[in-house]
> 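Below are the structure tokens for one structure; questions will follow.
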2 protein chains.
Amino acid sequence: MFISTRGRYAIRIMIDLAEQNSSDFIPLKDIAERQDISEKYLESIINQLVKGRLVTGRRGKGGGYKLLKNCQDYTIYDILVLTETSLAPVACLDDNGEGCRRATTCKTFPFWKELDQTITQFLSHRTLADLLEEHTGGNYCI
Amino acid sequence: MFISTRGRYAIRIMIDLAEQNSSDFIPLKDIAERQDISEKYLESIINQLVKGRLVTGRRGKGGGYKLLKNCQDYTIYDILVLTETSLAPVACLDDNGEGCRRATTCKTFPFWKELDQTITQFLSHRTLADLLEEHTGGNYCI
DNA sequence: CATATTCCTATCATATCACATGGAAATTAA
DNA sequence: TTAATTTCCATGTGATATGATAGGAATATG
Ligand code: FES
Ligand code: FES
């Protein structure tokens with residue numbers, strides 16, 4: 001599996017926040033209920049989104065989370081690159097593993113690079129706004 | 001990681017067989033040595049390729065494995081679909097999991113489907129012959 | 001103060017991956 | 001026929017990643 005629950009849940013969090021269409025902070029408890037996902041698990045995911053400056057959080061009564069930008073300004077790539085451990089389709093392309101020793105001679109390497117580019121382009125050409133439009137025809141955003 | 005070593009090794013096996021450019025059976029031991037991969041691990045992989053009719057094997061002295069078709073007639077998709085447990089980028093698309101309960105209403109589902117199609121198209125439009133040409137400029141195949 | 005909520009640091013169960021072990025069956029060369 | 005070779009088959013194993021869970025400290029409201 002390429003995209004794990006972390007990344008998928010992260011996108012659903014972002015969509016949920018966008019759909020509230022509010023300038024208030026939204027408590028994670030509400031998101032967890034609506035999305036039917038463990039609040040504690042979502043916590044660890046949304047923390048990554050906060051650290052990556054995709055959303056901001058406020059503690060205490062009346063606190064919660066809120067988007068920092070308009071949803072057409074979030075690409076799916078932005079969200080996944082923060083929450084997935086790696087977006088490389090094969091280990092040979094992974095920077096953490098210093099790439100592959102065989103890469104210079106291996107006949108498959110150029111192919112993997114092309115696959116990676118294809119996927120990355122796809123993910124970075126779609127925004128949160130695109131996903132919101134899917135089922136409604138209208139745009140929740142702005 | 002999307003494609004595991006199984007799929008990657010399977011492709012390298014197929015490339016290795018094609019490069020020998022021989023009508024003889026090639027022993028797995030030789031392939032394992034050339035590719036520097038555990039023979040026993042390759043064994044379980046190439047078995048899947050045999051069962052999927054991509055290659056054929058013969059036991060005993062002078063035995064080994066050999067391709068059944070010309071290499072331009074093998075797509076990368078053909079190879080990976082046999083050796084990877086799933087080529088679905090997300091669990092929501094996986095048939096084994098009967099897909100996702102939320103799929104009908106979830107705003108991310110159409111997006112995942114498009115991603116899946118993009119990847120599948122990429123994989124099924126490249127053949128073994130394409131990979132062989134990468135580094136040589138020439139075509140080993142036929 | 002009491003309450004709500006984010007933040008932070010662990011821990012855990014399960015599954016998958018990459019590979020190893022130990023043979024049985026088939027094929028050929030001697 | 002015998003020995004050597006090689007595919008076929010089933011099962012085991014250690015490491016790692018995934019998908020959570022638990023407990024509590026810090027911060028904000030009223
Ligand atoms: S084995 Fe890593 S690029 Fe081929
Ligand atoms: S959660 Fe499965 S399609 Fe959205």
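Numbers restart at 1 for each chain; the letters A, B, ... are given by sequence-line order, proteins then strands. No experiment lies behind these values; they were computed from the predicted model shown.
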> Specify the residue among E43(B) and G62(A) whose closest nucleotide of DNA chain C lies further upstream toward the 5′ end.
G62(A)
> Rounded to the nearest Å, what distance is computed from the CE atom of residue M1(B) to the P atom of nucleotide dA17(D)?
9 Å
> Would you classify L28(B) as touching base, sugar-phosphate or nothing, given that sugar-phosphate means primed atoms plus P, OP1 and OP2, and contacts are heavy atoms under 4.0 Å?
sugar-phosphate
> dG24(D) base to K40(A) side chain: any donor-acceptor pair below 3.5 Å?
yes
> Rounded to whole Å, please give me the gap between CD1 in I3(B) and C1' in dT16(C).
15 Å
> Say whether, by atom type as modelled, one donor and one acceptor occur between the side chain of R12(B) and the main chain of Q35(B) under 3.5 angstrom.
yes
> Ignoring hydrogens and angles, tell me if any N or O in the side chain of K29(A) forms a donor-acceptor pair with the backbone of E39(A) under 3.5 Å.
no
> Under 4.0 Å from OP1 or OP2 of dC7(C): is there any side-chain N or O of Y65(A) that close?
yes
> What is the distance from NZ of K29(B) to C1' of dA4(D), rounded to the nearest Å?
11 Å
> Categorize F25(B) for me: base, sugar-phosphate, or nothing, with a 4.0 angstrom heavy-atom threshold over every strand shown.
nothing
> Counting side-chain heavy atoms from C-beta on, which of dC9(D), dA20(D), dA18(C) comes nearest to Y41(A)?
dA20(D)
> Tell me which of R59(B) and K61(A) sits closer to the 5' end of DNA chain D, going by the nucleotide each one is nearest to.
R59(B)
> I need the CZ-P distance between F2(B) and dC17(C), as an integer number of Å.
12 Å
> Taking 4.0 Å as the cut-off, does a side-chain nitrogen or oxygen of S44(B) come that near to OP1 or OP2 on dC9(D)?
no
> Take atom CD of Q48(B) and atom P of dC17(C), then tell me their distance rounded to the nearest Å.
11 Å
> dT6(D) C1' sits how many Å from E39(B) CD, rounded?
9 Å
> Can you confirm whether more than 12 heavy atoms, excluding those of K113(B), are under 6.0 Å from its NZ atom?
no
> Quick one: is dT18(D) close enough that its OP1 or OP2 comes under 4.0 Å of any side-chain N or O from T5(A)?
no
> Want to settle it: does R8(A) or G57(B) sit nearer the 5' end of DNA chain D, counting the closest nucleotide to each?
G57(B)
> Have N47(A) and S44(A) got a donor and an acceptor in their side chains that come within less than 3.5 Å?
no
> Can you see if the side chain of T85(A) gets near the phosphate of dT18(D) - specifically, an N or O under 4.0 Å from OP1 or OP2?
yes
> Using salt bridge (charged side-chain N to carboxylate O under 4.0 Å, His left out), reason through E19(B) and K107(A) one step at a time and then give a plain yes or no.
CA-CA 11 Å; E19(B) 281 182 338; K107(A) 292 204 169 52; 2.7 Å; yes
> Between atom CG in D94(A) and atom P in dA17(D), what is the gap in whole Å?
11 Å
> Between dT6(C) atom C1' and L49(A) atom CG, what is the distance in whole Å?
14 Å
> Would one find a side-chain N or O of Y9(B) under 4.0 angstrom from OP1 or OP2 of dC19(C)?
yes
